[in-house]
Amino acid sequence: MQQDDRIQFDEPSAGLQRLAARFNGHAYDAHRHETYSVGLTLRGVQEFHYRGALHASRAGQVVVLHPDEVHDGHAGVPGGFAYRMLYVDPAAIAAALGGAAPFVADAVADDPAMVALLGEAFADFPHPLEPLAADAVVAGLAELLMRRGDGVRRRRWTAVDSRAVSRARDYLAAESPRRVASRELERITGLDRFTLSRQFRAACGTSPHRFQVGRRLDRARTLILSGRALADVAATTGFADQSHFTRHFTARFGLTPGRWAALAHGAR
């Protein structure tokens, strides 16, 4: 192993695990996972043997490996490669689709939608994914795998249960300063987490997790305007730390919390 080879990963949660790694030469001997392996090559070229062929994934391309398929890994260029990978329980994918887990024939592809999903999944890495965020990643990945899969029919979604969605919205708003578990929403709505995720997006235009984060950020702006310190605001509104808070605030409002505070206080 080269001195600057590196692997970083989080603990599995809700059928999902994230890994970020870089290698300069040989990476992995032949092995297999019991999960889907869905990854993005960040730089260089990663090559691997899979289903009787040698594949190469270049920067910006997405890799999808089916569960229980043997593969290896090594750098395809002298500069090595870096990548991110999601390992996802096929049972979670099947549950999200309400049917069989799909098989994706193309191991390497240009797939902007999956690139965007992986960016969302790793936005706070290595901070743990909140339960609702993990559900959204699994649901989104299931949909994208189904689109690219062979022999899997799209299920017809049922009509939106507006009362269940309304109960979920009210609960998420009331409990916004803390992390809400998926089972809580299942209990108060009577819908399983993936059905609720689809129906919530259909009715509200966003996922339950994004909705709840939005409520945190709305409260954060009010607290900043009252003169509270940014670190205190981050802790009060349920973010892991100030950098975590800053990333979400900037992504929503286009300004860092510090810049927003300066502008808002100046206007006052």
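Computed from a predicted structure; not experimentally measured.
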Quick one: are Leu19 and Gln8 in side-chain contact, heavy atoms under 4.5 Å? no

Once the angle between the rings of His244 and Phe239 is folded into 0 to 90°, is it parallel (under 30°), tilted (30 to 60°) or perpendicular (over 60°)? perpendicular

Is there a continuous path of hydrophobic side-chain contacts, each under 4.5 Å between heavy atoms, that joins Leu65 to Val45? no

So, do Phe211 and Phe200 have ring centers that fall under 6.0 Å from each other? yes

For Thr189 and Ala164, work out which heavy atoms get closest and say how close. CG2-O, 3.3 Å

Quick one: do Tyr28 and Val77 end up in the same hydrophobic cluster if we chain Ile, Leu, Val, Met, Phe, Trp and Tyr together by side-chain heavy atoms under 4.5 Å apart? no

Quick one: pull up CZ in Arg18 and NE2 in His127 and give me the separation to the nearest 0.5 Å. 9.5 Å

Ignoring hydrogens, what is the shortest heavy-atom contact between Ile224 and Phe249? Give both atom names and the distance. CD1-CE1, 4.1 Å

Counting C-beta onward and ignoring hydrogens, is there a side-chain heavy-atom pair between Gln17 and Leu86 closer than 4.5 Å? no

Return yes if some donor-acceptor pair links the side-chain N/O of Arg22 with the main-chain N/O of Asp4 below 3.5 Å, else return no. yes

Would you say the rings of His74 and Phe23 are close, in the sense that their centroids are separated by under 6.0 Å? no

With the 4.5 Å side-chain cut-off for hydrophobic clustering, are Ile188 and Leu191 part of the same group? yes

Is the NZ or CZ atom of Arg247 both under 6.0 Å from the centre of the six-membered ring of Phe245 and within 45° of that ring's axis? no

If you apply the rule side-chain contact (heavy atoms from CB on, under 4.5 Å), what do you find for Asp89 with Ile93, and how did you get there? CA-CA 7 Å; Asp89 185 347; Ile93 297 296; over 6 Å; no

Please identify which of these residues, Arg178, Arg216, Arg210, meets the salt bridge (charged side-chain N to carboxylate O under 4.0 Å, His left out) condition with Glu130. Arg216

In His55, His49, His66, His31, the residue satisfying ring-ring contact (aromatic ring centres under 6.0 Å, His included) with His71 is His31

